[in-house]
Engineer: 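Here's a structure for you.
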Amino acid sequence: MSLIKNNEHEIIIPRAFAFAIDDLGWNIGTSIGANGGQGPYRTGINKRMAQSDYRAIIEVGKAVGVRIQGLFVLCEMDRANVCAKYPTTTMYGKDWDNSEIVCDEQNEIMAYVRDNAAFLEFGIHGVGHEYWPEKMHKIRAEWYNREDKKPWPEEILVDHFRCFKEILAQYGLTPENGHSLPESFVPGSYSYYWNPEEDYSLGKLLHQNGVKYANTDFSFISELKPPEGKNSGGFDHGVHVINRINYGNEWWRLGALPSVPLEIQESDIIESHWANWLAQDYYLQPQVTRQFISYYKRVQETPGRYVAKNTEQLHSQWLYNNFSKVTEKLENCLVIDNSGMPDEVYKNDLLGNMVIKIKLNRYEHISSVSIDHQKICGYLEDGGFAFLYLPILEKKIYRLDYSFGSQLLENCILNDGTYNIYSLESSENTLKFRIKMFGNQFIKLICAKPKTIDSSNNNLQIKSTLYNENLNMLILEVSGRDFQGEKGIITLNF
């Protein structure tokens, strides 16, 4: 975090905040891995998992405007027994038979998750979470042999990724149907094979399978000499991997927030598990949901932190905080030196918005702002702060000018959704912006009423429009097909 103080305001380059939720995807919650059991631990909840258990997470995301990182285990979603072709993925090996679990609700759950991509990210956790070199012989864990401290054969893990994709295909989640592969990954039981300087590392396989971002607790693989530090990170064959920490919310504990105070949490991303987000009984769920909503709001009100809207923003802010330098040149003028950003970031398309947080006085707004005389991408006021969403910064030095006043910015996007805006350009007759849209969301713009609105991508659809003359506000309902995000340019013509 960087902090600049002038006469009346604090200008902050905050640390991002996000939860990662492990172990989504299990159909049966009961653990069969403890006390020498050769099965998986699952969710640690003695019940059949239901669509309502996903809704509990999505309702939090909707309330706070966040696309929460969900990490899925998919073996029990296998409707065609493809896991039997890849015997190391489950406890039954070649005898895998999931027919007793297959049901219509699986299709309903996967469709529900796909249709709510705006608020729940579909990331990779594993096929079966563990590794079975032979039937009913489990070794922890799926992506690295932590027990013997050695990697699994590369060709076997290639098969695990192939199996994961074949199960996704059973639900139509394929490139052929307009869906990209998941961009986020967390290894089950911290089984990350960190070996970035050599030809074989887990990052190599992740990169080959579309993953851009990963997180794990590096302390569990200290023998591999991962990056050091509580909020450390590094690059592995084009994948950005950061450290995460569990702050007391144990994996099996229901309705559990971190017990370590937010102010002393050292990692940007917080480890959590599915059980933590659920209540013991259905009638108690609203209370747990409210607790998580309140927690996010407290983060947003904390000066040195901000709630990342999605995983790309989380990693981008980490990168800016580690490789950029922000100083005050004049009053209400910042210099952003981004010349130290590693080339690998751009080569692998890892970078998104930089976020700047400014404390506002009562009845005060940011009335003008520009970066090198160009528009910023988005603006938000929340928790007594203004949040400036800057475009993707190149390897150079920028000048950011801003001023305070009683009026909101003109021709701007009020960024209260979970989408990413990469650029915003205005001319006499047009206003256009480049976007990555997750699911179906509403975009609010302060602008004149347009005559027509166009999208550059048929899979990025304008579903409805509403213009409020009193507020000079346009509300666009926009839908993206790809459950990992649909990119395109939307143009308003005046």
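All figures in this text were calculated on a predicted structure; none of them were measured in a lab.
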Engineer: Kindly say whether Ser189 contributes a backbone atom to a donor-acceptor pair with the side chain of Arg146 at under 3.5 angstrom?
Structural biologist: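 Checked: pair present.
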Engineer: What verdict does the side chain to side chain donor-acceptor pair (under 3.5 Å) test give for Tyr193 and Asn195, after you've listed the backbone C-alpha separation in whole Å, the side-chain angles of each residue and the deciding distance to 0.1 Å?
Structural biologist: CA-CA 6 Å; Tyr193 178 45; Asn195 194 26; 3.1 Å; yes
Engineer: Sequence neighbours excluded, which residues qualify as side-chain contact (heavy atoms from CB on, under 4.5 Å) partners of Lys94?
Structural biologist: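 With neighbours one apart ignored, the set is Pro87.
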Engineer: For the residue pair Ile356 and Ile12, establish whether any side-chain heavy-atom pair is separated by less than 4.5 Å.
Structural biologist: no
Engineer: Tell me if a side-chain donor or acceptor on Asn27 pairs with a main-chain N or O of Gly25 at a distance below 3.5 Å.
Structural biologist: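 Side chain of Asn27 to backbone of Gly25, a donor-acceptor pair under 3.5 Å: yes, one is there.
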Engineer: Can you tell me if Arg15 uses its side chain to pair, donor with acceptor, with the backbone of Gly304 under 3.5 Å?
Structural biologist: no
Engineer: Is there a donor-acceptor pair closer than 3.5 Å between any side-chain N or O of Thr302 and the backbone N or O of Arg298?
Structural biologist: yes
Engineer: Tell me, please, which residues at least two apart from Glu130 pass salt bridge (Lys or Arg N to Asp or Glu O under 4.0 Å).
Structural biologist: Arg140
Engineer: Name all residues meeting the side-chain hydrogen bond (donor to acceptor under 3.5 Å, both in side chains) criterion together with Lys138; count only those two or more places apart in sequence or in a different chain, and write none if there are none.
Structural biologist: none
Engineer: Check the pair Asp349 / Lys487 against salt bridge (Lys or Arg N to Asp or Glu O under 4.0 Å), numbers first and verdict last.
Structural biologist: CA-CA 13 Å; Asp349 189 29; Lys487 290 184 176 182; 3.6 Å; yes
Engineer: Nearest 0.5 angstrom please: His273 NE2 to Trp251 CH2, how far?
Structural biologist: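 Going from NE2 on His273 over to CH2 on Trp251, the span is 8.0 Å.
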Engineer: Is there side-chain contact between Leu71 and Ile124, with at least one heavy-atom pair below 4.5 Å?
Structural biologist: no
Engineer: Would you check if Gln313 and Gln317 make a side-chain contact, meaning some heavy-atom pair closer than 4.5 Å?
Structural biologist: no
Engineer: Salt bridge or not between Arg244 and Asp22? Use side-chain N to carboxylate O under 4.0 Å.
Structural biologist: yes
Engineer: Keeping the roles fixed (side chain from Asn321, backbone from Pro14), state whether a donor-acceptor pair exists under 3.5 Å.
Structural biologist: yes
Engineer: Can you confirm if the aromatic rings of His240 and His315 lie within a centre distance of less than 6.0 Å?
Structural biologist: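 Distance test on ring centres: under 6.0 Å, yes.
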Engineer: Under a 3.5 Å threshold, yes or no: a donor from one side chain and an acceptor from the other, between Asn98 and Asp78?
Structural biologist: no
Engineer: Just grab all the salt bridge (charged side-chain N to carboxylate O under 4.0 Å, His left out) pairs involving residues 31-42, residues at least two apart or on different chains.
Structural biologist: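 Output for this query lists Arg42-Glu76.
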Engineer: Can you name the one residue among Trp143, Phe164, Phe122 that meets ring-ring contact (aromatic ring centres under 6.0 Å, His included) with Phe185?
Structural biologist: Trp143
Engineer: Report the distance from atom OG of Ser464 to atom CD of Glu477, rounding to the nearest 0.5 Å.
Structural biologist: 3.5 Å
Engineer: Assess the side chains of Asn310 and Gln69: does a donor N or O sit below 3.5 Å from an acceptor N or O?
Structural biologist: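 No, no side-chain donor-acceptor pair sits under 3.5 Å.
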Engineer: From Met136 CE over to Thr90 OG1, what is the distance, rounded to the nearest 0.5 angstrom?
Structural biologist: 10.0 Å
Engineer: So do the side chains of Asn353 and Ile392 get within less than 4.5 Å of each other, counting heavy atoms only?
Structural biologist: no
Engineer: Kindly state each residue pair satisfying salt bridge (charged side-chain N to carboxylate O under 4.0 Å, His left out) with at least one member in residues 245-258, sequence neighbours excluded.
Structural biologist: Glu250-Arg253
Engineer: Scan for salt bridge (charged side-chain N to carboxylate O under 4.0 Å, His left out) pairs involving residues 180-207, sequence neighbours excluded, and state none if there are none.
Structural biologist: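 Sorted pair list: Glu154-Lys204, Glu183-Lys436, Asp199-Lys204.
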Engineer: Are side-chain heavy atoms of Cys83 and Val127 found at a separation under 4.5 Å?
Structural biologist: yes
Engineer: Does either side chain, that of Ser324 or that of Asn338, offer a donor lying less than 3.5 Å from an acceptor on the other one?
Structural biologist: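 Side-chain D/A pair, Ser324 to Asn338: present.
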Engineer: Scan Tyr131, Trp152, Tyr144 and name whichever one has a ring-ring contact (aromatic ring centres under 6.0 Å, His included) with His160.
Structural biologist: Tyr131
Engineer: Which label fits Tyr295 and Phe19: parallel for a plane angle under 30°, tilted from 30 to 60°, or perpendicular past 60°?
Structural biologist: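 Rings of Tyr295 and Phe19: tilted, as their planes differ by 30° to 60°.
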Engineer: Are the side chains of Phe218 and Val241 in touch, meaning some heavy atoms are under 4.5 Å apart?
Structural biologist: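 Side chain of Phe218 against side chain of Val241, heavy atoms only: contact under 4.5 Å found.
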Engineer: Taking salt bridge (charged side-chain N to carboxylate O under 4.0 Å, His left out) as the cut-off, I'd like each qualifying pair that reaches into residues 100-126, sequence neighbours left out, listed once.
Structural biologist: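 Sorted pair list comes back empty.
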Engineer: Considering only residues two or more places apart or on different chains, which pairs with a residue in residues 80-121 satisfy ring pair (Phe, Tyr, Trp, His ring centres under 6.0 Å)?
Structural biologist: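 The answer is none; no pair qualifies.
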Engineer: Main chain of Asn459, side chain of Asn457: is a donor-acceptor contact present, judged purely on distance under 3.5 Å?
Structural biologist: yes
Engineer: If you look only at pairs with a residue in residues 52-65, which of them pass as a side chain to side chain donor-acceptor pair (under 3.5 Å), with sequence neighbours excluded?
Structural biologist: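 Sorted pair list: Lys47-Asp53.
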Engineer: Could you check if a side-chain atom of Leu460 sits within less than 4.5 angstrom of a side-chain atom of Ile490, using non-hydrogen atoms only?
Structural biologist: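 Side-chain contact under 4.5 Å: yes.
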Engineer: Apply side-chain contact (heavy atoms from CB on, under 4.5 Å) to Pro175 and list each qualifying residue two or more places apart in sequence or on a separate chain.
Structural biologist: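 Applying side-chain contact (heavy atoms from CB on, under 4.5 Å) to Pro175 gives none.
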Engineer: Checking the side chain of Arg481 only, and the main-chain atoms of Asn177 only, is there a donor and an acceptor separated by less than 3.5 Å?
Structural biologist: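 Here the side-chain-to-backbone pair exists.
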Engineer: Between Gln38 and Gly36, is there a donor-acceptor pair closer than 3.5 Å when you use the side chain of the first and the backbone of the second?
Structural biologist: yes
Engineer: Kindly compute the distance separating CG (Leu257) from CH2 (Trp277), expressed to the nearest 0.5 Å.
Structural biologist: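 Rounded to the nearest 0.5 Å, the CG-CH2 separation comes out at 8.5 Å.
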Engineer: Between OG of Ser31 and CH2 of Trp26, what distance do you get to the nearest 0.5 Å?
Structural biologist: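 It comes to 9.5 Å.
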Engineer: Answer yes if the side chains of Ser267 and Asn231 hold a donor-acceptor pair under 3.5 Å, and no otherwise.
Structural biologist: no
Engineer: Indicate whether the side chain of Asn46 and that of Thr30 have a donor and an acceptor atom separated by less than 3.5 Å.
Structural biologist: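 A pair is found: one side chain offers a donor N or O, the other an acceptor, under 3.5 Å apart.
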Engineer: List the residues meeting salt bridge (Lys or Arg N to Asp or Glu O under 4.0 Å) with Lys463, not counting sequence neighbours, and say none if there are none.
Structural biologist: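 Applying salt bridge (Lys or Arg N to Asp or Glu O under 4.0 Å) to Lys463 gives none.
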Engineer: Do Gln106 and Ile101 have side chains that get closer than 4.5 Å, going by heavy atoms?
Structural biologist: yes
Engineer: If you measure only the distance, is there a donor-acceptor pair under 3.5 Å linking the side chains of Asp236 and Ser201?
Structural biologist: yes
Engineer: My understanding is that only one of Asn249, Leu254, Asp23 makes a side chain to side chain contact (heavy atoms under 4.5 Å, CB included) with Asn276; could you say which?
Structural biologist: Asn249
Engineer: Working to the nearest 0.5 Å, report the span between NZ of Lys309 and CG of Asn415.
Structural biologist: 5.0 Å
Engineer: Distance alone, cut at 3.5 Å: any donor-acceptor contact between the side chains of Gln461 and Ser455?
Structural biologist: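 Their side chains do not contain a donor-acceptor pair, so the 3.5 Å distance test is not met.
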Engineer: May I have the step-by-step check of salt bridge (Lys or Arg N to Asp or Glu O under 4.0 Å) for Asp343 and Lys395, ending in yes or no?
Structural biologist: CA-CA 8 Å; Asp343 292 334; Lys395 285 171 63 78; 3.5 Å; yes
Engineer: Of all heavy-atom pairs between Ala63 and Ile293, which one has the smallest distance, and what is that distance?
Structural biologist: CB-CD1, 3.4 Å
Engineer: Is the positively charged end of Lys357 above the ring of Tyr306, judged by distance under 6.0 angstrom from the centroid and angle within 45° of the axis?
Structural biologist: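 Judged by the rule (NZ or CZ under 6.0 Å from the ring centre, within 45° of its axis), Lys357 is not positioned above Tyr306.
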Engineer: The criterion is ring pair (Phe, Tyr, Trp, His ring centres under 6.0 Å); which residues satisfy it with His129, sequence neighbours excluded?
Structural biologist: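 For His129, the residues satisfying ring pair (Phe, Tyr, Trp, His ring centres under 6.0 Å) (neighbours in sequence not counted) are His125.
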